[in-house]
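Remarks on the structure that follows.
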Amino acid sequence: LKDEDLLPISELSTTLKTLELSGCHFLSDESFETIFQLSELSHLTLRECSGLVDECLTTFAASCGKNSSLEYLDLSGCSRLSFANGVAKLAVCPKLRHLNLSGCFRFGESSDLPEMSLRSFNNLKHLEFVDLSHCMCIDGTIDAISQHPNITALNIASNRFLGNPSAGYLREMAISRRLRQVCING
């Protein structure tokens, strides 16, 4: 799939609810800009789209006021995304409930990630599911995200934790009965 193949999609901007584009390695900023203008989209999968970079999410954040319908976002395997310069901008999606960031390896690069995680994720008032598996997250990131009041499912499998993987915060979530599903391994 290439940029020109997505042009007809822009004509569906008021009717298209679900768009799944997995493994589309040849899409450019232009394509992502077109995608992010789809105002009625509630389900978006961009799994393993290697052209998706932080700057694309800046465009997405700018148009998210128009796309207040987005509830499901899968950016798994988009390994060129960082948290600080890209994913943190998703905090402007008011209805986002499901966020899959599995395999976004650059998340462990920022020293201010825990504070940014907490701030960004707390702005996502409806967020219930977060997948951060295979992200090389640091302990503080999980600690910050696990404090979100509405997250009921958290996947932090296959991360490289320095110590016990945020057991204290996970215990607090379990006690408060918010956490219904958790995946931790490796």
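From Cys78, atom SG reaches atom CD of Glu48 across 8.0 Å, with rounding to the nearest 0.5 Å. Atom CD1 of residue Ile35 and atom CG of residue Leu27 lie 6.0 Å apart, to the nearest 0.5 angstrom. For the atom pair OG of Ser31 and CZ of Phe36, the computed distance is 10.5 Å after rounding to the nearest 0.5 Å. A distance of 11.0 Å separates OG in Ser76 from CG in Asn155, rounded to the nearest 0.5 Å. Atom CZ of Arg80 is separated from atom SG of Cys56 by 8.5 Å, given to the nearest 0.5 angstrom. Rounding to the nearest 0.5 Å places OG of Ser69 at 12.5 Å from CG of Leu44.
Judged purely by atom type and a 3.5 angstrom limit, Arg97 has no side-chain atom pairing as donor or acceptor with the backbone of Leu127. A donor-acceptor pair under 3.5 Å is absent between the side-chain atoms of Thr18 and the main chain of His43, judged by distance alone. Judged by distance alone, the side chain of Thr45 and the main-chain N or O of Arg47 form no donor-acceptor pair under 3.5 Å. Judged by distance alone, the side chain of Asn150 and the main-chain N or O of Lys125 form a donor-acceptor pair under 3.5 Å.
Taking hydrophobic clusters as Ile, Leu, Val, Met, Phe, Trp and Tyr residues chained together by side-chain heavy-atom distances below 4.5 Å, Phe129 does not share a cluster with Leu124. Hydrophobic clustering (side-chain heavy atoms under 4.5 Å, transitive across Ile, Leu, Val, Met, Phe, Trp, Tyr) keeps Ile9 apart from Tyr72. The cluster map of Ile, Leu, Val, Met, Phe, Trp and Tyr, joined by side-chain heavy atoms under 4.5 Å apart, puts Val53 and Leu6 in different clusters. Clustering ILVMFWY residues whenever any of their side-chain heavy atoms sit less than 4.5 angstrom apart, transitively, puts Leu46 in the very cluster that holds Leu19.
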>> Run the side chain to side chain contact (heavy atoms under 4.5 Å, CB included) test on Leu41 and Leu16 for me, step by step, so that the C-alpha distance in whole Å, both residues' side-chain angles and the decisive distance to 0.1 Å come before the verdict.
In response: CA-CA 6 Å; Leu41 208 56; Leu16 191 63; 4.2 Å; yes

>> Between Phe26 and Ser50, is the side chain to side chain contact (heavy atoms under 4.5 Å, CB included) condition met? List the steps.
In response: CA-CA 8 Å; Phe26 301 107; Ser50 58; over 6 Å; no

> What's the verdict on side chain to side chain contact (heavy atoms under 4.5 Å, CB included) for Leu57 and Leu81, showing C-alpha distance, side-chain angles and the deciding distance?
Replying inline: CA-CA 9 Å; Leu57 292 184; Leu81 294 176; 3.8 Å; yes

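Here the closest non-hydrogen pair linking Pro94 and His126 is O-CD2, 2.9 Å.
With respect to Glu71 and Lys95, no salt bridge is recorded, no charged nitrogen being found less than 4.0 Å from a carboxylate O.
When side chains are defined from C-beta on, Leu73 counts as touching Leu96, because their heavy atoms get closer than 4.5 Å.
When only modelled atom types and interatomic distance are considered, Ser133 and Ser158 share no side-chain donor-acceptor pair under 3.5 Å.
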